[in-house]
Amino acid sequence: MFTVTSKRLFWWPVTVKIPHSEKAGEQQDHTFEMQFEAMPLDRAAAIDAARNTLPEAERAKRSFDFLNEIAKGWRDVVGQDGEAVAFSTEAFEAQLNFAWFRDGVLEAYREAVTGQAARLGN
């Protein structure tokens, strides 16, 4: 039975492909789980419209504002010391500075909300 809700939270696996620290030309897959909140299309459109009113330099800085709204938590994320890193806006935004993290989160959310793995090729 489908339940109509105003807010839908869910956990989804995220795979981040990071350049290998020792093997040139290779990547390492790191997987963790992220809790997302599904974003309605009208909210996504509102975020885009607000961003498009900003000066171009500011727009680039705000390209991923929607990620801050849909990302609600993570698990299986550790620091260099092996200790769990608590989810926070600051910790999440720090990781968004890395393309591999952004790409992994975006791909996971896209897969979750469309019900399909990202298409390869054309």
Compile the donor-acceptor pairs under 3.5 Å between side chains in residues 78-86 and protein atoms, sequence neighbours left out, one pair per line.
unit_1: D81; atom_1: OD1; unit_2: E83; atom_2: N; d: 2.9

side-chain contact (heavy atoms from CB on, under 4.5 Å) for V105 and V16? Distances and angles first, verdict last. CA-CA 8 Å; V105 171; V16 176; 5.8 Å; no
Quick check: closest heavy atoms across [X] and [Y], and the distance to 0.1 Å?
X: R102; Y: L96; result: NH1-O, 2.6 Å
X: L9; Y: K72; result: CD2-CG, 3.8 Å
X: P13; Y: A108; result: O-CB, 3.4 Å

Of all residues at least two apart in sequence or in a different chain, which pass the side-chain hydrogen bond (donor to acceptor under 3.5 Å, both in side chains) check with [X]?
X: D29; result: K17
X: D76; result: none
X: D103; result: none

At what distance, to the nearest 0.5 angstrom, does [atom1] of [X] lie from [atom2] of [Y]?
X: E107; Y: T15; atom1: CD; atom2: OG1; value: 8.0 Å
X: I70; Y: F10; atom1: CD1; atom2: CZ; value: 7.5 Å
X: M34; Y: F32; atom1: CE; atom2: CZ; value: 5.0 Å
X: Q28; Y: S21; atom1: CD; atom2: OG; value: 5.5 Å

Tell me, which pairs form a ring pair (Phe, Tyr, Trp, His ring centres under 6.0 Å) where one or both residues lie in residues 74-95, sequence neighbours left out? W74-F87, F87-F92, F92-F101
Could you list the donor-acceptor pairs under 3.5 angstrom formed by side chains in residues 35-50, with sequence neighbours left out?
unit_1: R43; atom_1: NE; unit_2: E69; atom_2: OE1; d: 3.1
unit_1: R43; atom_1: NE; unit_2: E69; atom_2: OE2; d: 3.3
unit_1: R43; atom_1: NH2; unit_2: E69; atom_2: OE2; d: 2.4

For W12, all residues meeting ring pair (Phe, Tyr, Trp, His ring centres under 6.0 Å), sequence neighbours excluded: none
Under a 4.5 Å cut-off applied to non-hydrogen side-chain atoms, are F98 and I18 in contact? no
Within the 4.5 Å heavy-atom criterion, are V14 and T31 side-chain neighbours or not? no
Could you work out, with side-chain contact (heavy atoms from CB on, under 4.5 Å) as the rule, every residue matching R75, not counting sequence neighbours? W11, E33
side-chain contact (heavy atoms from CB on, under 4.5 Å) involving E26 - partner list, sequence neighbours excluded: H20, K23
